[in-house]
Amino acid sequence: MAAPTGMIERMRIIVDADPGIDDALALYYLRAQPETEIVAIGTVHGNVPVEQATANALRLVERLNLDVPVAMGAAKPLAQPLMTAESVHGEDGLGGHAGGEPTTSPTGESAAEQLANLARESPGELSLLAIGPLTNVALALQIEPRLPALLDKVVVMGGALNVPGNITSHAEANFWHDPEAADLVLAAGFDDLTIVGLDVTMEGHASQEWLDALPDDCFPRRILGFYADFYGSFLGKKGFVPHDPLAAAILCDPGLATCHEDRFAIELTGRYTRGKIVADQRFLAPESPFGRDIATERTKAKYAVTADNARFLDQLRHAVTQP
């Protein structure tokens with residue numbers, strides 16, 4: 001729906017997340033954009049169990065003075081045991097700085113119900129930023145099969161197409177945490193779907209100098225200490241990788257990235273490749289005579305291949321230092 005004459009049209013966003021240090025940064029980024037409105041937040045298992053993710057989302061909503069509903073979502077993947085990543089984000093998910101219990105509570109509906117209901121209420125007016133495992137989005141598709149036509153833009157943080165994974169040698173964490181859900185989402189036929197994977201996020205490394213430039217009393221700086229220690233332990237250089245805020249930035253400003261358009265699926269059965277995103281990258285992709293094929297089963301989506309990291313990191317610094 002177009003904004004009235006003389007008004008700036010605001011992008012209205014549902015965030016599905018598993019906070020998570022870089023999820024917190026993504027919320028800071030969105031809060032700072034004058035033409036962006038966070039409509040609702042759904043939580044999901046991933047970086048921490050969903051109960052902790054929900055408490056963190058509520059804490060962040062309070063800290064950022066956001067008046068938005070938070071719905072607790074899926075506690076486990078569709079078809080595999082729960083795995084979490086406290087070694088990356090800390091036992092509390094926020095690098096040991098989560099703080100006291102939130103004073104607010106989640107809504108009574110699930111994150112999947114919230115997503116489906118909001119999309120029905122405002123068809124074509126809402127965008128989705130999914131920066132955790134895609135379990136909630138897959139469940140919302142079961143509740144509302146028209147979801148791909150009801151949402152405006154969808155940006156997903158996940159995947160490692162032409163680079164190594166970060167949880168197995170082939171799989172990126174969000175897709176690996178629920179491969180079946182990720183594949184359902186990629187198969188759903190969203191009209192405008194952009195995937196932001198490790199191909200671009202790992203190139204957006206924020207240096208120790210970037211971190212040191214943040215004020216000492218800045219909450220993002222405090223939580224980033226744990227995160228930077230983790231990345232420094234295996235990257236061989238100080239700093240951190242802001243995966244989720246880059247996905248948020250590309251949703252708000254698509255010009256930050258260049259994308260390759262293709263048809264994508266998730267490997268579900270490979271012994272070593274389960275959770276890997278795959279694409280039909282053939283120069284010619286005729287209908288396969290050997291049965292099912294990505295080229296004939298999937299609609300196209302965009303996959304980010306480069307990003308203007310200098311501009312993004314300047315934007316992120318501004319966002320996390322706003323009062």
Side-chain angles (χ1 to χ4, degrees), residues 16 18 44-50 73-85 87-88 111-112 128 130-143 145 147-148 154-190 193-202 243 247 259-305:
D16 197 82
D18 56 340
V44 67
H45 67 89
N47 292 325
V48 289
V50 72
K76 61 182 181 180
L78 297 181
Q80 67 182 27
L82 173 68
M83 296 287 287
T84 51
S87 62
V88 182
L128 171 65
I131 49 178
L134 293 176
T135 316
N136 291 334
V137 186
L139 292 172
L141 284 164
Q142 310 311 304
I143 297 169
L147 189 67
V154 176
V155 170
V156 168
M157 192 279 124
L161 185 62
N162 296 310
V163 296
N166 62 354
I167 197 161
T168 72
S169 58
H170 293 281
E172 177 275 333
N174 283 344
F175 288 178
W176 183 86
H177 277 295
D178 197 339
E180 281 75 15
D183 194 56
L184 282 170
V185 172
L186 297 187
F190 286 96
L193 171 63
T194 301
I195 305 162
V196 180
L198 301 187
D199 304 64
V200 289
T201 63
M202 291 301 294
H243 302 284
C259 296
H260 173 71
E261 198 169 45
D262 218 323
R263 295 172 172 86
F264 299 94
I266 303 298
E267 176 57 56
L268 301 179
T269 59
R271 179 178 177 184
Y272 300 110
T273 57
R274 178 169 162 80
K276 178 176 176 54
I277 188 171
V278 295
D280 192 330
Q281 296 179 311
R282 292 174 290 177
F283 177 69
L284 294 175
E287 184 172 347
S288 171
F290 303 108
R292 300 173 65 189
D293 188 272
I294 299 173
T296 57
E297 289 190 334
R298 302 290 167 103
T299 56
K300 286 188 174 182
K302 290 172 284 189
Y303 191 88
V305 292

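Along the sequence shown, the residues carry numbers beginning at 1.
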Q: Considering non-hydrogen atoms only, spot the tightest contact between G73 and V50 and give its length.
A: O-CG2, 3.7 Å
Q: Can you measure from NZ (K302) to OG1 (T194) and round to the nearest 0.5 angstrom?
A: 4.0 Å
Q: Search all heavy atoms of L161 against all heavy atoms of D199 and return the closest pair with its distance.
A: N-OD1, 3.0 Å
Q: Any side-chain heavy atom of T273 sitting closer than 4.5 Å to one from R271?
A: no
Q: I'd like to check D178 versus L134 (side-chain heavy atoms, cut-off strictly below 4.5 Å). Are they in contact?
A: no
Q: If every non-hydrogen atom of L268 is compared with every non-hydrogen atom of D183, which pair is closest and at what distance?
A: CD1-OD2, 4.1 Å
Q: If I take atom CE from residue M157 and atom CD1 from residue I195, how far apart are they, to the nearest 0.5 angstrom?
A: 10.5 Å
Q: Might you work through the side chain to side chain contact (heavy atoms under 4.5 Å, CB included) test for I266 and L186, ending with a clear yes or no?
A: CA-CA 8 Å; I266 303 298; L186 297 187; 3.7 Å; yes
Q: Looking at G165 and A160, what are the two nearest heavy atoms and their distance?
A: CA-CB, 4.0 Å
Q: At what distance, to the nearest 0.5 angstrom, does CG of N136 lie from NE2 of H45?
A: 7.5 Å
Q: Is any side-chain heavy atom of E180 closer than 4.5 Å to a side-chain heavy atom of P77?
A: no
Q: Which heavy atom of V44 sits nearest to which heavy atom of D16, and what is that distance?
A: CG1-OD2, 4.0 Å
Q: Please step through side chain to side chain contact (heavy atoms under 4.5 Å, CB included) for the pair V185 and F190, ending with a clear verdict.
A: CA-CA 8 Å; V185 172; F190 286 96; 3.9 Å; yes
Q: Would you say H243 and L198 make side-chain contact, with heavy atoms under 4.5 Å?
A: yes
Q: Identify the heavy atoms of F264 and A301 that sit nearest to each other, and give their distance.
A: CE1-O, 3.4 Å
Q: Within the 4.5 Å heavy-atom criterion, are T168 and K276 side-chain neighbours or not?
A: no
Q: Do R274 and Q80 have side chains that approach each other closer than 4.5 Å (heavy atoms only, starting at C-beta)?
A: yes
Q: Can you tell me how far the CG atom of N47 sits from the CG atom of D18, to the nearest 0.5 Å?
A: 4.0 Å
Q: A side-chain contact here means heavy atoms from C-beta on lying under 4.5 Å apart; do H177 and T135 qualify?
A: no
Q: Going by side chain to side chain contact (heavy atoms under 4.5 Å, CB included), V156 matches just one of N174, V137, L193. Which one?
A: L193
Q: Has R298 got a side-chain atom pairing as donor or acceptor with R263's backbone, closer than 3.5 angstrom?
A: no
